Structure formats: C-alpha cells, structure tokens
Amino acid sequence: MRVNPSGELSYLPTDLADYLFAGYGVVDAFPYVYLVWSTDTNNFAVHGHEFISGFVISFPWISVGLAVFSASNGVCWKTTWNLLLALGSLLVVATLSLLLVSAAFNASTLRYLVDFVPWFAVLAAVFLSFAIWTTQFSASVSSALIAIWTFALVWCDYAGFAFAVDTCRSINKC
C-alpha cells in the first residue's frame, strides 16, 4: 500500500469488481458460507485484497429494492419530485463514494464497504417502500416483493454472521 500511488483510475475496474461482485465460498458444513479470495492474485504490485464479498452478493436486498423501484414503470417518477430529487442526490453521493473508495488504492478490503453500503441500503429501503406505495401493485404482488426483500435481508444477516464465525476457513488458516 505504501509503495503504490493512491488515486489511480486504473484501480477502478478491479476494485469495482471486488466491491460489487466478489462472491463467497459454499461448503456442506455449518456455517455453509465463507469469504474467499476474489479477483486477481494477492500481488500488491498489480492488485491486492483481503477476503471480500461484494455488496451485490452480500447484500441482495439492496439489489431487490433498487430493481423494484426501477421496474415500477415510471409511476414513482411522476409523483413526489422533491423526494425523488433527494433520493437521486443520495444515489449520486452513494455512487461517488463507491467510485472514490475504488480509485483510492490498488487493493480492496472488506472494511471499506462501510463507506458506501449504508448509502445504498437507505436508498434500497426507501425506493422499495416508495415503489410499493406509489405503484398500484396488487396486494399479493406487494406481499411477494416484501417477502423477497425480507428473505434477502435475512440472508444478509446470516452471511455476515457466517463470515464472522468461520474465520478459520475464510483466512485459510485452519
């Protein structure tokens, strides 16, 4: 970290891949999931990283909230402009936070998810609620969307617990 310059645009593709899409390992024993190495080799001359799971994989409820809002056929966009302007501004801040964290170092670390995941979490919850409130979904569709979102939220909590419990497998030092 001390050898490589900070703030290089060349760090963006690999760091974004880690922060967004890095997966996790699955085994047939409790706790069933664990953190794994993600993209490149851990060569800090090229790109280094700690064990990491990207937020699209680790926080699927964020994707669900954003997808429901996007799929609401524009009804949400025609209603409360002030709320949408505030949410759009928050989306810009969240995206800039993600890009700035990704461009800062030639390494990605799990602890930097805290710099941008909360922004996207708030957006997802508000977008999902707003889409269900303003779109004329049937009661069963609204219930199904909320159930999917809740399941994704529970998965997020379980995976976070599993990652913390199974440090042996995650750091490969059993």
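It should be emphasised that the depicted structure is a prediction, and the values quoted were computed from it without experimental measurement.
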Cluster check [X], [Y]: I/L/V/M/F/W/Y, side chain < 4.5 angstrom:
X: W119; Y: V92; answer: no
X: V56; Y: L12; answer: yes
X: V26; Y: F21; answer: yes

Check your understanding: Using the ring of each side chain (for Trp, its six-membered ring), is F30 parallel, tilted or perpendicular to Y32, with breaks at 30° and 60°?
Key ->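 Correct class here is perpendicular.
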Review point. With under 30° as parallel and over 60° as perpendicular, where do the rings of W155 and Y24 fit, or are they tilted in between?
Key: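 Rings of W155 and Y24: tilted, 30 to 60°.
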Of the non-hydrogen atoms in [X] and [Y], which two are nearest, and what is the gap between them?
X: A159; Y: V33; value: CA-CG2, 4.4 Å
X: A22; Y: I57; value: O-CG1, 3.6 Å
X: V64; Y: A152; value: CG2-CB, 4.4 Å

Practice item. For L99 and L16, run side-chain contact (heavy atoms from CB on, under 4.5 Å): C-alpha distance rounded to whole Å, both residues' side-chain angles, the deciding distance at 0.1 Å, then the answer. Key: CA-CA 8 Å; L99 292 174; L16 284 174; 4.0 Å; yes
With rounding to the nearest 0.5 Å, note down the distance linking [atom1] in [X] to [atom2] in [Y].
X: L91; Y: T95; atom1: CG; atom2: OG1; value: 4.5 Å
X: S53; Y: L20; atom1: OG; atom2: CG; value: 11.0 Å
X: Y158; Y: L153; atom1: OH; atom2: CG; value: 15.5 Å

**Study point:** Test of ring centre spacing under 6.0 Å for F55 and F120
**Key:**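 Here the rings of F120 and F55 have centres that are less than 6.0 Å from each other.
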**Study point:** Minimum side-chain heavy-atom gap L98-V117 below 4.5 Å
**Key:**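 In short, these two side chains do not touch, never coming nearer than 4.5 Å.
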Review point. Does V93 reach the side chain of S89, with side-chain heavy atoms less than 4.5 Å apart?
Key: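 Counting from C-beta outward, V93 and S89 never come under 4.5 Å.
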Exercise for review: Could you tell me which residues satisfy side-chain contact (heavy atoms from CB on, under 4.5 Å) with L100, sequence neighbours excluded, listed by chain and number?
Suggested key: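 Counting only residues at least two positions away or on another chain, L100 forms no side-chain contact (heavy atoms from CB on, under 4.5 Å).
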Check your understanding: With a cut-off of 6.0 Å (strictly less than), are more than 12 heavy atoms of other residues, nucleotides or ligands near CZ of F151?
Key ->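 At most 12 heavy atoms, drawn from other residues, nucleotides or ligands, come within 6.0 Å of this atom.
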